[in-house]
Amino acid sequence: MKNQTTISEFILLGFSYGLQVQTLLFLVFLITYMVTIIENAIIIFVVNRNHHLHKPMYYFLGNLSFLEIWYISVTLPRLLFGFWSQSKSISFSSCMTQLYFFISLMCTECVLLAVMAYDRYLAVCHPLRYAAIMTHKLCFQLSVLSWAGGFSISLVKVSFISRLTFCGPQVINHFFCDISPVLNLSCTDMSLAETVDFALALLILLVPLLIIVFSYCCIVSTVLCMPSAQGRRKAFSTCTSHFTVVIVFFSATLFMYARPRRIHPFNLNKIVSIFYAVFTPALNPLIYCLRNKEVKKVLRKIISTNCSAHQISASPKDRAVEGQ
């Protein structure tokens with residue numbers, strides 16, 4: 001310890017390949033980032049502008065879309081900048097800030113997905129009481145709980161990590177500051193920080209997951225008891241999008257964060273991280289839109305209305321040209 005120097009910055013390796021591969025990756029990630037922002041912004045716009053979608057399910061979907069925009073913005077802009085920057089360094093404070101917001105948003109999404117599962121449970125299993133239970137006030141309270149819970153748990157996790165001493169090597173074999181690669185650079189006893197992180201990871205992952213599993217067990221049981229095949233299909237159709245997102249999200253996050261840190265191969269970390277930190281936010285809006293008839297109907301209506309308005313505004317000009 002006496003011969004070691006405390007470091008004040010890290011070096012993010014990112015993806016160090018040849019120029020052609022770097023260019024290809026840059027284009028892929030840039031397109032993914034732009035598509036993700038546009039997709040989620042469209043969902044927020046559609047939900048806010050159309051009164052037919054002013055329902056609890058779409059209120060939470062708007063929250064999820066807003067979260068996804070910030071979720072991908074925490075990591076991807078710096079990754080894109082790193083492809084062409086000579087400097088790969090990131091200061092300790094910037095690293096901890098990035099880590100805090102990334103974990104906060106991920107924890108918030110865990111709770112928000114559980115809240116959405118509870119909403120589907122009430123809609124399918126208690127349809128007559130649904131409107132009385134899932135009021136605007138409760139929706140707001142559940143969304144606040146999701147955001148406050150995610151950011152609070154992340155604050156505890158990052159506060160323990162930030163107290164560690166990092167003496168080198170200062171190289172992080174990742175494209176952003178994630179818990180596992182950062183912890184493994186500590187030169188002091190990190191057992192307490194690791195235990196706290198692991199316990200909170202289990203808490204924020206398993207409790208929402210248990211709520212989701214319980215909700216869907218009740219949903220499946222209720223749907224199977226429905227006498228009408230059309231009723232069963234309609235009930236399942238309202239849940240398939242959310243269930244697909246849950247499987248994609250939790251399979252990756254459980255693999256990454258619900259295991260001891262030291263057994264992670266770092267190259268595998270990067271591959272899995274790309275999936276849940278970059279591509280999942282781009283896939284979620286597609287899953288919800290492609291599987292949701294109501295959202296598709298509203299989108300088609302907006303597009304057709306805009307096209308009609310454009311034709312009407314253009315027609316006087318066309319008639320004037322024809323008259324000449």
Side-chain angles (χ1 to χ4, degrees), residues 29-77 101-120 123 134 136 138-151 154 204 208 212 215 237-253 273-303 306:
F29 289 134
L30 178 62
I31 293 171
T32 303
Y33 182 60
M34 294 174 63
V35 168
T36 303
I37 299 297
I38 293 170
E39 286 175 340
N40 286 287
I42 288 174
I43 288 181
I44 295 172
F45 173 79
V46 169
V47 170
N48 286 336
R49 290 294 298 271
N50 196 283
H51 69 276
H52 294 296
L53 299 182
H54 289 178
K55 303 173 183 178
M57 181 173 73
Y58 300 107
Y59 174 78
F60 295 127
L61 178 57
N63 267 263
L64 183 63
S65 295
F66 179 75
L67 184 148
E68 299 286 23
I69 290 174
W70 290 105
Y71 188 59
I72 196 171
S73 297
V74 170
T75 58
L76 213 51
F101 281 105
F102 181 80
I103 298 300
S104 296
L105 293 167
M106 188 186 66
C107 293
T108 301
E109 184 162 356
C110 290
V111 182
L112 191 58
L113 289 174
V115 168
M116 295 173 78
Y118 174 69
D119 171 70
R120 292 300 84 205
M134 193 57 71
H136 292 295
L138 181 60
C139 290
F140 177 75
Q141 289 173 341
L142 290 174
S143 64
V144 170
L145 173 67
S146 302
W147 288 88
F151 277 74
S154 178
I204 196 63
I212 292 169
S215 298
S237 67
T238 64
C239 304
T240 50
S241 299
H242 175 262
F243 189 66
T244 304
V245 171
V246 166
I247 292 175
V248 172
F249 179 79
F250 277 94
S251 58
T253 50
S273 297
I274 290 172
F275 182 73
Y276 74 81
V278 178
F279 293 121
T280 299
L283 289 174
N284 286 350
L286 291 177
I287 293 171
Y288 273 105
C289 290
L290 292 177
R291 300 289 302 176
N292 192 300
K293 293 181 180 179
E294 202 166 5
V295 173
K296 289 192 291 185
K297 182 180 178 181
V298 171
L299 280 173
R300 282 195 295 265
K301 184 178 179 181
I302 291 174
I303 293 172
N306 289 336

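For this chain, numbers begin at 1 and follow the sequence in order. Reckoned from all heavy atoms, side chains included, excluding hydrogens, waters and symmetry mates.
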Distance check, rounded to the nearest 0.5 Å: Tyr33 atom OH versus Ile37 atom CD1? 4.5 Å
Count the heavy atoms of every other residue, nucleotide or ligand shown that sit under 6.0 Å from CZ of Phe101, and state whether that count exceeds 12. no
Which heavy atom of Ala282 sits nearest to which heavy atom of Glu39, and what is that distance? O-OE1, 2.7 Å
Looking only at non-hydrogen atoms, find the nearest pair between Thr253 and Met106 and report the distance. CG2-SD, 3.8 Å
Test item: Thr280 side-chain N/O and Ala277 main-chain N/O as donor-acceptor pair under 3.5 Å: no
Nearest atoms (heavy-atom pairs only) where Ile212 meets Phe250: CD1-CE1, 3.6 Å
Ring centroids only, cut at 6.0 angstrom: are Tyr71 and Phe102 within range, meaning strictly under it? yes
Is the shortest side-chain heavy-atom distance between Met134 and Lys55 below 4.5 Å? no
Got a second to check how far Leu142's CG is from Phe60's CZ, nearest 0.5 Å? 5.0 Å
Nearest-0.5 Å distance that lies between atom CG in Leu105 and atom CH2 in Trp147: 6.0 Å
Taking every heavy atom of Thr36 against every heavy atom of Pro281, the minimum-distance pair comes out as CG2-O, 3.5 Å
Non-hydrogen atoms of Cys110 and Pro208 that approach each other most closely: O-CB, 3.4 Å
Find out whether Ile42 and Ile38 are in side-chain contact, i.e. whether some heavy atom of one side chain is under 4.5 Å from a heavy atom of the other. yes
Side-chain heavy atoms of Ile43 within contact of Glu68, under 4.5 Å: no
Does a side-chain heavy-atom distance below 4.5 Å link Ile44 with Ile69? yes
For Val47 against Tyr58, the heavy-atom pair lying closest together: CG1-O, 3.5 Å
Atom CG of Leu64 and atom CG of Asn40: how far apart are they, to the nearest 0.5 Å? 7.5 Å
Rounded at 0.5 Å granularity, tell me how far CE in Met116 sits from CG in Leu61. 5.5 Å
Does some side-chain heavy atom of Ser154 sit less than 4.5 Å from a side-chain heavy atom of Ile204? no
Could you give the distance from CG (Leu76) to CZ (Phe29), rounded to the nearest 0.5 Å? 7.0 Å
Trp70, CH2 atom: more than 12 neighbouring heavy atoms under 6.0 Å: no
